[in-house]
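Here the structure comes first, spelled out in C-alpha cells, and everything after it is commentary.
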Amino acid sequence: MRSFGKNIPAYFLIVLAVSCVIIWYAVFYFALHRDFAITFFDVGQGDSIWIETAEGHQILVDGGPGDRVLAKLGREMPFWDRSIDGIISTHPDQDHIAGLLPVLEKYDVGFVLWTGVKGTNAEYREWMRLIEDGRVRNLTARRGARLGLGRAVTLEILAPFADLRGASVSKTNNTSVVAMLRHGRTSALLTGDIERAMEYRLVFEDGAGLDADILKVGHHGSKTSSSAEFLAAVSPEVAVIQVGRRNRYGHPTAEVLDRLSSIGAATLRTDTDSDVRFVSDGVHWQRR
C-alpha cells in the first residue's frame, strides 16, 4: 500500500495525459468531419433552425417556444463548444423568440441579427435586457444585407424591406426576416412567419431569384401563407414544416399540404419526422 501511495502523483499524471490526448483527438476529429448542414429542430409549435458550415461557422435562427433548443444544441455541438457565432431572431413572437433567451444566457454569442420591431410579450422584454448589456453585437436585419459564412456560403436578407427599428405594428408576422441560404449551387429559403402579402411582394421584387431547393414553409403551414404564386416562384424540391404535434391551430392545413403536393415538393414535418437535417456538398443536398 505504501508503494501505491508513493505512485499516486505518477498515476494522476498518466490519467491527465491520456485525458488530454482524448480531448484533443475529439477536437480534431470534429473539425475534420464537419459537414455544411442545416437542421430544422423539432421544438414543438415553433421555429428553430441550426446552420453549421464545414469551417465551423454556427448560426441559430429562432429558438422555439421554450428551452428544448438547449438539448438540441447539446447534441449538435461538441461538449467543449460554448460559443455561437450568431443568432437571428426573425420576429418577436413567443414561439420564435422564447428559446433564444436561455441560449443567450448559456452561450457566448457573437452577434444578434433582428429587425428591431417592438414586441408586446414578456419574452421580448427579456430579449431586450439580454441584448442591451453590451456583451452581444446588435445588428439590424434589412433587405440587401449579406452574411458571409466562410467559403462558398452566404446568407442574404430578402426582407424586411424597411428599417423597422423601434417600429410598433399590430401583427409582426409580415415583419419576419426572410433569408436565402446558399452553399455553392444549393439553396434554402427561410421565411419566418410571413403571410400572403409579404409573399406577393417578394414574388414581385425577386421573381426567379426566389428559386430554392429547400423551403422552410411560412407560419407552420397556416392557410395565411404558402400562396400558389409564392410556391411557384420558389419551386422547392423539399418543403419543411416546423409544427407541434396535435397543435390547437390545425397546422399544417390541408390546403397548404395540397398546394405543396401540386408543385411536386416532398413535405417533411417536425411533428412526424422530428429533427430534419440536410447536408450539402455545394451541388446536392442529402438528408441525414
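The structure displayed is predicted, hence computed values, not measured ones. Note that these values count all heavy atoms, side chains included, but never hydrogens, waters or copies made by symmetry.
By the 30° and 60° cut-offs, the orientation of the rings of Trp114 relative to Trp127 is perpendicular. Below 30°, between 30° and 60°, or above 60°: for Phe40 and Phe278 the angle between ring planes is above 60°, a perpendicular geometry.
Taken to the nearest 0.5 Å, the CD1 atom of Ile84 stands 4.5 Å off from the CE atom of Met77. To the nearest 0.5 angstrom, Leu202 atom CG is 9.5 Å from Thr191 atom OG1. For the atom pair Ile194 CD1 and Leu158 CG, the distance stands at 9.0 Å (nearest 0.5 Å). If you take CD on Gln94 and NE2 on His91, they are separated by 10.5 Å, rounding to the nearest 0.5 Å. Here the NE2-CG distance, from His183 to Asp35, works out to 9.5 Å after rounding to the nearest 0.5 Å. With rounding to the nearest 0.5 angstrom, the OG1 atom of Thr115 is 12.0 Å from the CZ atom of Arg142.
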Inset, instruction - Take Asp81 and Gln58, measure what side chain to side chain donor-acceptor pair (under 3.5 Å) needs, and give me the verdict at the end. - result: CA-CA 11 Å; Asp81 189 355; Gln58 300 164 328; 2.9 Å; yes

Legend entry - Steps toward side-chain contact (heavy atoms from CB on, under 4.5 Å) verdict (Phe230, Leu210): CA-CA 9 Å; Phe230 183 70; Leu210 292 175; 4.1 Å; yes

Inset, instruction - Go through the steps for Asp62 and Ile49 under the test side-chain contact (heavy atoms from CB on, under 4.5 Å), then give the verdict. - result: CA-CA 6 Å; Asp62 289 333; Ile49 302 165; over 6 Å; no

Inset, instruction - Take Val109 and Ile131, measure what side-chain contact (heavy atoms from CB on, under 4.5 Å) needs, and give me the verdict at the end. - result: CA-CA 10 Å; Val109 176; Ile131 69 171; over 6 Å; no

Inset, instruction - Under the side-chain contact (heavy atoms from CB on, under 4.5 Å) rule, what do Leu104 and Val112 come out as? Steps first, then yes or no, please. - result: CA-CA 10 Å; Leu104 283 167; Val112 296; 4.1 Å; yes

Inset, instruction - Assess whether side chain to side chain donor-acceptor pair (under 3.5 Å) is satisfied between Asp213 and Thr186, documenting all intermediate values. - result: CA-CA 7 Å; Asp213 307 315; Thr186 61; 5.0 Å; no

Legend entry - Pair Glu199-Arg196, salt bridge (charged side-chain N to carboxylate O under 4.0 Å, His left out): steps then yes or no: CA-CA 5 Å; Glu199 291 178 348; Arg196 279 189 293 265; over 6 Å; no

Legend entry - side chain to side chain donor-acceptor pair (under 3.5 Å) between His220 and Gln45, worked out: CA-CA 8 Å; His220 321 292; Gln45 183 66 15; 4.6 Å; no

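Arg259 places a side-chain N or O within donor-acceptor distance of the main-chain N or O of Ser226, the cut-off being under 3.5 Å. With Thr154 contributing its side chain and Glu156 its backbone, the two residues share no donor-acceptor pair below 3.5 Å. Using a distance-only test at 3.5 Å, with no hydrogens or angles considered, a donor-acceptor pair links the side chain of Lys216 to the main chain of Gly192.
Annotation: Tyr249, atom OH; neighbour count of heavy atoms from other residues, nucleotides and ligands within 6.0 Å does not exceed 12. Sparse packing is recorded around CD of Glu237, with 12 or fewer heavy atoms of other residues, nucleotides or ligands lying under 6.0 Å away. By the 6.0 Å contact criterion, CZ on Arg151 is open, its count of non-hydrogen atoms from other residues, nucleotides or ligands being 12 or less. Remark: Arg245 CZ is packed, more than 12 non-hydrogen atoms of other residues, nucleotides or ligands lying under 6.0 Å away.
Counting only N and O atoms by type, the side chains of Thr172 and Asp93 include a donor and acceptor under 3.5 Å apart. Looking only at atom types and distance, the side chain of Asp211 has a donor-acceptor partner in the side chain of Ser235 under 3.5 Å away.
The pair Arg143-Asp206 meets the salt-bridge criterion, with a side-chain N (NZ, NE, NH1 or NH2) lying under 4.0 Å from an Asp/Glu carboxylate O.
With contacts defined as side-chain heavy-atom distances shorter than 4.5 Å, the pair Leu190/Asp47 does not qualify. Side-chain contact between Arg269 and Pro252 is present, with at least one heavy-atom pair separated by less than 4.5 Å. With a 4.5 Å cut-off on side-chain heavy atoms, Val177 and Ile157 count as touching. Contact of the Leu215 side chain with the Leu231 side chain is registered, since non-hydrogen atoms from C-beta on lie closer than 4.5 Å. Within the 4.5 Å cutoff, the side chain of His57 has no heavy atoms near those of the Val153 side chain. Here the side chains of His96 and Gln242 are not in contact, with every heavy-atom distance at 4.5 Å or above. Under the 4.5 Å side-chain criterion, counting only non-hydrogen atoms from C-beta, Phe161 is not in contact with Val178.
Exactly one of Asp275, Asp95, Asp42 qualifies for a salt bridge (charged side-chain N to carboxylate O under 4.0 Å, His left out) with Arg68. That residue is Asp42.
In the hydrophobic clustering of ILVMFWY residues, with side-chain heavy atoms under 4.5 Å counting as a link, Val61 and Ile214 come out together.
The minimum heavy-atom distance between Leu60 and Ser48, with the atom names listed, is CD1-OG, 3.6 Å. The minimum heavy-atom distance between Thr53 and Leu149, with the atom names listed, is CG2-O, 3.4 Å. Closest heavy-atom contact between His284 and Asp281: N-OD1, 2.8 Å.
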